[in-house]
Amino acid sequence: MFFKKMTLDMVFKIHIGWKIVGLLIWFLAFPNDFSSIFGQGLGIAIAVFVFVNLQNEKFYVKWIWYVYTAFTAGTFYIYLISEKVPYFYIITLPVVMTQLLSVFKIYQDEKYL
């Protein structure tokens, strides 16, 4: 299966790429919504920070990613049940899914160490 063959690096790159696409679409659709654009940018910064520092196998970095993933998944679920905005289905769903896949890959890599 394709997901089993994906490496953690590839998952993070796809995740960061989708976040950048989401940021651009959000900016083009709602250019005055500073808080959401700032939140998207902060998400990209956290993802890049974790991606770079996971290579050094720092213990606290993976927990930052776990907590951020839980927060992101919870926020996505709240948006999903409260508003039916196509943006959340088209862009945010792949972002959340790749983020959850990255957590699974981190867990899987640790399990086999």
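This chain uses plain numbering: 1 for the first residue, then up along the sequence. For the numbers below, each heavy atom of this structure counts, side chains included, while hydrogens, waters and symmetry mates do not.
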Chemist: Indicate yes or no: at least one non-hydrogen side-chain atom of Leu93 is less than 4.5 angstrom from one of Phe76.
Modeler: yes

Chemist: To the nearest 0.5 angstrom, please state how far the CD atom of Gln99 sits from the CZ atom of Phe12.
Modeler: 8.0 Å

Chemist: Enter the distance from Ile16:CD1 to Leu23:CG here, rounded to the nearest 0.5 Å.
Modeler: 13.0 Å

Chemist: CD/Gln40 to CG/Leu24 distance, rounded to the nearest 0.5 angstrom?
Modeler: 10.0 Å

Chemist: State, with a plain yes or no, whether a side-chain heavy atom of Val103 is found less than 4.5 Å away from one of Tyr107.
Modeler: no

Chemist: May I ask whether Phe71 and Val50 are part of the same hydrophobic cluster, defined by side-chain heavy atoms of I, L, V, M, F, W, Y residues being less than 4.5 angstrom apart, directly or through others?
Modeler: no

Chemist: Could you please spell out the steps behind the ring pair (Phe, Tyr, Trp, His ring centres under 6.0 Å) verdict for Trp63 and Tyr66?
Modeler: CA-CA 5 Å; Trp63 285 103; Tyr66 290 165; 4.9 Å; yes

Chemist: Can you tell me how far CE of Met6 sits from NZ of Lys105, rounded to the nearest 0.5 angstrom?
Modeler: 7.5 Å

Chemist: With rounding to the nearest 0.5 angstrom, report the CD1 to CD1 distance, Ile20 to Ile25.
Modeler: 12.5 Å

Chemist: Is it the case that the side chain of His15 and the backbone of Val95 share a donor-acceptor pair, with hydrogens and angles ignored and the cut-off at 3.5 Å?
Modeler: yes

Chemist: Less than 4.5 Å apart, any side-chain heavy atom of Val11 and any of Phe104?
Modeler: no

Chemist: Check whether Val52 and Tyr60 end up in the same hydrophobic cluster, where Ile, Leu, Val, Met, Phe, Trp and Tyr are linked by side-chain heavy atoms less than 4.5 Å apart.
Modeler: yes

Chemist: Measure from the ring center of Trp65 to the ring center of Tyr68 and say whether it is less than 6.0 Å.
Modeler: yes

Chemist: Atom OG1 in Thr7, atom NZ in Lys13: separation rounded to 0.5 Å?
Modeler: 7.5 Å

